K.L.:
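Okay, here's the structure, questions in a sec.
Everything numeric in this text was worked out from a predicted model, so none of it was measured. Lettering of chains follows the sequences in order, A, B, ..., and the numbering in each one begins at 1.
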Protein chains: 2
Amino acid sequence: MLTVLEKARKDPDSMKGRILKVARRIFGEYGFHGTTTRMIAQEVGIDISTLYYHWGEKGELYEAVILDINEDLRRKLSEVEQVIHGRPLAERMSISIDMMTDYLFECPEISNIVLFQYFGKTRYRSSLDIQVPELISDIARSMNLCGRRGKVPAAARMKVLTIMNAIHSFISGENFFRPMLNLGRKEYIQLVKMTLKHILIPAFERGQEGSPGEGEYAL
Amino acid sequence: MLTVLEKARKDPDSMKGRILKVARRIFGEYGFHGTTTRMIAQEVGIDISTLYYHWGEKGELYEAVILDINEDLRRKLSEVEQVIHGRPLAERMSISIDMMTDYLFECPEISNIVLFQYFGKTRYRSSLDIQVPELISDIARSMNLCGRRGKVPAAARMKVLTIMNAIHSFISGENFFRPMLNLGRKEYIQLVKMTLKHILIPAFERGQEGSPGEGEYAL
DNA sequence: TTTCGCTTCCATCATTTGATGGACACTCTA
DNA sequence: TAGAGTGTCCATCAAATGATGGAAGCGAAA
């Protein structure tokens with residue numbers, strides 16, 4: 001038996017799938033409270049009660065969106081890991097940044113929703129437990145920031161968070177940053193990749209040679 | 001003649017000042033649409049119409065909050081620049097990261113509002129032009145990423161944005177990241193600083209020696 | 001054709017929310 | 001003391017918004 005979300009993911013042209021897709025975009029742009037069910041219904045081109053028929057109340061639709069993008073992200077990261085497996089660190093990072101950046105620029109609502117999850121509060125109680133922690137730990141392991149098994153230290157997870165946040169920020173902030181830099185879309189994407197590589201890679205290359213440890217920049 | 005905002009900033013104990021302070025926090029937590037004027041009024045302990053008496057409509061109060069935190073940020077950055085002036089790059093960055101991180105952890109609503117500005121859309125038209133671009137260019141100059149005068153190249157501004165975003169992300173995401181890492185507040189702050197320095201400084205040190213140029217990590 | 005189940009929409013409701021009018025209280029000044 | 005100016009609150013409004021009931025459409029099965 002498929003859940004409603006699984007049905008919607010399986011058939012994107014179904015009404016459930018169409019609603020989910022639009023809801024991702026609108027929730028991503030305006031956040032939970034900034035989005036009204038009427039906005040979503042209008043964008044899909046259906047009556048508001050049709051929306052309620054398929055997804056129940058607003059909060060449930062929002063949770064479906066969260067689960068949906070988390071699943072997409074999980075799959076993409078798994079795909080990236082397949083590709084970079086076995087390569088040297090700098091190359092792994094360069095490829096990861098390219099792949100993730102390209103992907104997220106195609107689905108910017110993923111970055112939007114992720115950031116809303118991180119930073120924003122909502123005036124309704126959600127009983128949703130997100131698997132972000134596991135995801136972060138997996139990436140840390142795949143980057144050889146720690147042993148293959150066992151607990152991933154907080155410092156390693158922080159580094160992964162830094163990388164993820166940096167990428168999401170530039171995707172999600174495109175509408176703010178790009179006009180400010182006066183760049184076309186392609187130029188912007190190119191510059192994002194270049195900047196991320198320029199800043200992120202040296203740190204991890206340095207961290208490899210002889211493992212200077214965590215205290216090197218502590219006061 | 002002082003504007004309403006200037007009055008409120010000048011006297012934080014006045015009703016206008018108290019409202020502004022609470023509004024910063026609530027808007028920062030819940031965003032524009034997630035915040036109701038009633039929430040703010042209740043938190044201040046006043047009637048809703050008293051709030052309207054002092055600040056007019058919701059959008060105007062929100063704009064005041066934006067201007068207020070931008071001014072705070074501008075002053076703090078100016079203070080940081082005084083301190084780091086003349087020191088070597090790695091030290092400049094280390095001090096900047098310490099000072100800004102400490103400051104923003106004391107006023108996390110600043111990071112919250114900034115990120116909402118960057119990433120979120122609002123369903124109302126704002127005629128507010130923010131001086132973020134100038135701020136970013138100033139920092140780039142102060143970091144010697146470009147000449148003292150003239151136009152700051154986009155690549156340099158991107159690097160500054162990366163740094164600012166990284167800091168804001170960890171401040172604003174504390175409520176999400178800290179439980180995930182299972183750290184106390186002080187440990188978390190310490191780890192944020194360490195991670196930021198560890199990741200950010202090597203890139204800029206490397207960028208200095210012989211100026212390898214922008215294309216080093218391009219495909 | 002009839003019936004059943006699924007889907008859609010119209011009309012409507014109840015609550016929330018932004019916003020305002022007017023009464024009341026307080027202070028200062030003439 | 002009278003009156004103006006200021007600040008606060010109660011009551012209330014109008015619009016937006018989340019949510020639902022019920023009728024109607026539609027296709028497949030009986």
Side-chain angles (χ1 to χ4, degrees), chain A residues 1-8 10-23 26-27 29-66 120-127, chain B residues 1-8 10-23 26-27 29-66 120-127:
Chain A
M1 183 55 186
L2 294 174
T3 68
V4 180
L5 176 56
E6 284 163 346
K7 273 190 223 165
K10 199 173 159 190
D11 184 1
D13 291 331
S14 68
M15 185 55 75
K16 284 180 175 47
R18 286 167 56 204
I19 294 174
L20 185 66
K21 192 177 166 189
V22 171
I26 312 270
F27 275 128
E29 286 178 3
Y30 295 93
F32 180 76
H33 291 294
T35 300
T36 70
T37 49
R38 281 171 175 80
M39 288 165 68
I40 298 173
Q42 185 173 12
E43 199 76 4
V44 181
I46 56 172
D47 188 85
I48 182 182
S49 52
T50 303
L51 187 151
Y52 278 91
Y53 171 78
H54 286 283
W55 286 101
E57 61 184 40
K58 185 184 177 185
E60 292 178 41
L61 175 55
Y62 187 68
E63 296 199 354
V65 166
I66 303 273
K121 283 189 186 174
T122 311
R123 265 151 44 206
Y124 92 110
R125 81 298 164 272
S126 168
S127 58
Chain B
M1 182 55 187
L2 294 175
T3 67
V4 181
L5 176 56
E6 284 163 346
K7 272 189 222 165
K10 199 173 159 189
D11 184 1
D13 291 332
S14 67
M15 186 53 76
K16 285 180 175 49
R18 285 167 55 204
I19 294 174
L20 185 66
K21 192 178 166 189
V22 170
I26 311 270
F27 275 129
E29 287 178 2
Y30 295 92
F32 180 76
H33 291 295
T35 300
T36 71
T37 50
R38 280 170 177 81
M39 287 165 67
I40 299 173
Q42 185 173 10
E43 199 77 5
V44 181
I46 56 172
D47 188 87
I48 181 179
S49 51
T50 304
L51 188 152
Y52 278 90
Y53 172 79
H54 286 284
W55 285 102
E57 62 184 40
K58 184 184 178 186
E60 291 178 43
L61 175 55
Y62 187 68
E63 296 199 354
V65 166
I66 302 275
K121 284 189 185 174
T122 312
R123 265 151 42 204
Y124 90 112
R125 82 291 165 280
S126 167
S127 58

K.L.:
Do the non-hydrogen side-chain atoms of B:Glu57 and B:Glu60 ever get within less than 4.5 Å of each other?
P.N.:
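When only atoms from C-beta onward are counted, B:Glu60 and B:Glu57 do touch, with a gap below 4.5 Å.
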K.L.:
Examine distances only and state if a side-chain atom of B:His33 and a backbone atom of A:Gly31 form a donor-acceptor pair shorter than 3.5 Å.
P.N.:
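No; zero donor-acceptor contacts below 3.5 Å.
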K.L.:
In the 5'-to-3' direction, what one-character label does each nucleotide of nucleotides 9-22 of chain C receive under the scheme B = base within less than 4.0 Å of a protein heavy atom, S = sugar-phosphate only, - = no such atom?
P.N.:
BB------BBBBB-
K.L.:
To the nearest Å, how far apart are B:Met15 CE and C:dC26 P?
P.N.:
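Taking atom P of C:dC26 as the reference, CE of B:Met15 is at 15 Å.
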K.L.:
Would B:Leu61 and B:Leu51 count as a side chain to side chain contact (heavy atoms under 4.5 Å, CB included) here? Give the steps.
P.N.:
CA-CA 9 Å; B:Leu61 175 55; B:Leu51 188 152; 4.1 Å; yes
K.L.:
Output the rounded distance in Å from NE2 (B:His54) to P (D:dG7).
P.N.:
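It is 6 Å, rounded to the nearest whole Å.
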K.L.:
Angle class for the B:Phe27/B:Phe32 ring planes (parallel below 30°, perpendicular above 60°, tilted otherwise)?
P.N.:
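It falls in the parallel class, under 30°.
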K.L.:
For a 4.5 angstrom cut-off between non-hydrogen side-chain atoms, does B:Lys58 reach B:Ile40?
P.N.:
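Of all side-chain heavy-atom pairs linking B:Ile40 with B:Lys58, none is under 4.5 Å.
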K.L.:
Can you tell me how far P of D:dG7 sits from NZ of B:Lys7, to the nearest Å?
P.N.:
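After rounding, the gap between these two atoms is 8 Å.
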